[in-house]
Structure formats: C-alpha cells, structure tokens
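First the structure, in the form of structure tokens, and then the observations on it.
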Amino acid sequence: MTVRWAVSMLFFVNGLIVGSWAPKLPVLMSRLDITEATLGLIVLGLGIGSLCMMPVFGAMVARAGSRRAVTLSAWLAAPSLIWISAAPNLWTVAAAVFLFGGLIGGMDVAMNANAVAVERARARAIMSSCHGFWSLGAFTGAGVGGAIIQAGGDTLHAVVVSAVAFAALAWALPRLLADAPAPGEAKAPLRLPRTALPYLLGLMALTSMIPEGAILDWAAVYLEREMGASLTVSGWGFAACAGTMAMMRFLGDGLRLRFGAVRTLQVSAGIAMSGLALAGLAGGPMLAIAGFALAGIGIANMMPIALSAAGNVPGLASGVGLSVVTIMGYSGILLAPSSIGWLAERLSLGTIYLGLAVLLLIPLALSRLAATADFESR
C-alpha cells in the first residue's frame, strides 16, 4: 500500500510544480516587458524541452527501471521554478523554461511508468486516481501561487514551492516500488502502427488536451490583462479547472464502468465545450473562472479514455498504441499554447476560448472509436 501512496505523491508534486508555473506567466510578461507573442515562444520552449527529454527518460526507464529515472528527474525538477525567477533576461528565462519543461516531462514519463509497475504488482488499476492527484497538486499550485506572489514576490513563491516539493520527495522517493527490466526480456520492434485507429485516437487526444494547455498557460493572462483581475484572482483560472479535473478523475473509472467509454466521452466533450464557451463569453473574472471549472469537469476524462482505448486496440501491442497517443496528446498541451500567444496578438483570448470550444467537435465526432476502452465487465 505504501508504494501506491508514494507514486501518488509524485503525481501531486509534478502537478504542484506545473500548477505553480501558471500564475508566474503574467509576472514574466511584466518583468521582461514582453508581448503575448513573445511569451508564446517561451511557452513553446517549455513544450520542446519536454518532448526532447521524454524519450531520454523513457530509455532510462527501459534500461534501469522507473524508480531510478524518476528519482533523478524529480530531484532536478523540484528547484526549477527558482531558476526561472532568478534568470535576469529574456534569453536566460527562455533557457530556464526549456530546462524546466524537459525535467517536468522526464519526470512525467518516469512516474507514469512507476504507476504501471505498481498496477502490475498489485493487480489493481490506479492510473486514473494518480492523475487525480496530479490535478489536485496543480489546483493547489495555481490557487495558492498568485496569493504568494502578490504577498511576497516571485522569488519567494519559487522558494516555497521548491521547499514543499523537496519535503514531499524526501518522503516518497525511498518508498517507491523498485522495478527493473527482467534479464533477457524480449524487446518489441520499434515500428509505427500500420493501421489508422491509433492515429485517430491520437488526434482525439491532441484536440482534447489543447484546451487544457490553453487554460494552464493563458487563463491567468486572460483574467488579468483582459478582465482586470488581481494576481490572486487570476491564479484561480487554472486552479478552478484543475480542481474540478481532480474530482472527476477520482470518479472517472466508476463513471466509465457504469456508462461506457463512448457515452462518457461524448458527455465530457459537451460539458467541456459549454465551459469554454462560458469562459470566452464571460463579462467578468468570476464568470470566466466558473467556465474554466466547468471545462475541467469535461476535459478530465477525455485523455484517460483515449489512452485506455489505445492500450486495448485489437491486434496491436498496448505499448505501441499508447506511445502514439501519448506523444500526440502531449503535443497538444505542450506545443499548441505557444500558437495561442501568436493568435492573442490578433484576437482576444476570449475569442480563442470560443474557438477551442468548436475544436472539441473533433473528439466528439471520433468518440465511437473509444469503444476499445471498454475492456472491463459492466
């Protein structure tokens, strides 16, 4: 049981650090005196760093086991917000954000691998609730971050988050399941799938995660710049979304078991569209925050359903399908928000959130492909 709580703590820490990044964005814009388009390029660096390091830590997992990989990435990721706060100019901030993205992405791969190892060891699914702990951490980081920044400044905020992360890691890392590759284990061929289904599921994941990335990286800017909210209030844009996502992820396995993956995905997409539309049309920050909270309810289980469906495609090794959907899905949350910075120079962020509501018509249209996620007996 201890290993289950230890890996859950890793998800919480990762979410805490990522959520704490959200309220720092308006501060970076003011400190560096940059536009939304320039900030979008910095956010792009975060995504590129993450996608560059994910395969590196994936290889480390395969060679040395997930515990060693997650220990290295987590200790390095814990102080990464301090580097961003201490960086004196645009170029050093960009480099720090690139490194931040790489370490967070590497930790993400390794902790998910450890969660899979715990599932196999305990013969019980825990992945959905692990992602619930991630959302809980993100909710905490985004919700409290703005208040700490406003009260004590950007650097104090980074130090507090890092101290909490170090303390949590000091408890969790020694208690992780010690996994290692089996000696002489056969390796699956490195070959892309030759059927369309995994790529269509990847498209579903991509379009499901773009709105989440847009809320993570731009909700605080939207609330502060376009609605005049304070730093304390602006941090609650993503916090509201992360909080409802956490709640729904803890409930997600039961809902899918009761109603089926396809129906759950369809209802989720509809709720997410409604929330994004409400946020985009809101006349004030409180209504926009309510919209982000509603969007979080819908977004919460769309990616997990896509992953589950990809891992159960008939005739396809689960790791192959999962790799396609994971890379495409994470591209949405890591890379697409940088394009939003460019668009924000030409359109309001409110208009962009309305456009993202329309984008969710794609996973809604593809929802019947998620039927392979229903491998449990209802």
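All values reported here derive from a predicted model rather than from experimental measurement. Every heavy atom of this structure was used, including side-chain atoms; hydrogens, water molecules and symmetry mates were not.
- Taken to the nearest 0.5 Å, the OG atom of Ser208 stands 6.5 Å off from the CG atom of Leu265.
- In this structure a side-chain-to-backbone donor-acceptor pair under 3.5 Å is present from Thr92 to Asn89.
- Checking Thr264 against Arg256 by side-chain atom types alone, no donor-acceptor pair falls below 3.5 Å.
- With hydrogens and angles ignored, the 3.5 Å screen pairs a side-chain donor or acceptor of Glu226 with a backbone N or O of Leu349.
- Between Phe139 and Phe238, the distance separating the two ring centers is not shorter than 6.0 angstrom.
- In this structure, Arg368 places its CZ atom where only 12 or fewer heavy-atom neighbours from other residues, nucleotides or ligands lie under 6.0 Å away.
- None of Leu76, Asn14, Leu46 except one satisfies the side-chain contact (heavy atoms from CB on, under 4.5 Å) rule with Ile104; the exception is Asn14.
- Without hydrogens or angle criteria, Ser129 side chain to Gly132 main chain gives no donor-acceptor distance under 3.5 Å.
- Although no hydrogens or angles enter the test, the distance criterion places no donor-acceptor pair under 3.5 Å between the side chain of Ser85 and the main chain of Ile82.
- A tilted orientation is assigned to the rings of Trp21 and Phe100, their planes being inclined by 30° to 60°.
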Walk me through it: do Trp218 and Tyr353 pass the test ring-ring contact (aromatic ring centres under 6.0 Å, His included)? CA-CA 10 Å; Trp218 293 104; Tyr353 284 122; 9.4 Å; no
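- Judged by distance alone, the side chain of Arg249 and the main-chain N or O of Ala300 form a donor-acceptor pair under 3.5 Å.
- The number of heavy-atom neighbours closer than 6.0 Å to CZ of Arg225, taken from other residues, nucleotides and ligands shown, is above 12.
- In summary, the side chains of Arg4 and Ser8 do present a donor paired with an acceptor at a separation below 3.5 Å, with no hydrogens or angles considered.
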Derivation and outcome, side chain to side chain contact (heavy atoms under 4.5 Å, CB included), residues Leu360 and Leu356: CA-CA 7 Å; Leu360 290 180; Leu356 292 174; over 6 Å; no
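- Sparse packing is recorded around CZ of Arg263, with 12 or fewer heavy atoms of other residues, nucleotides or ligands lying under 6.0 Å away.
- For Thr244 (side chain) and Cys241 (main-chain N/O), a donor-acceptor pair under 3.5 Å exists by modelled atom type.
- Checked against the 6.0 Å centroid threshold, Trp236 and Phe292 do not count as a close aromatic pair.
- In this model, no donor atom of one side chain and acceptor atom of the other lie less than 3.5 Å apart for Asn301 and Ser268.
- Here the side chain of Thr38 pairs no donor or acceptor atom with the backbone of Ile34 at under 3.5 angstrom.
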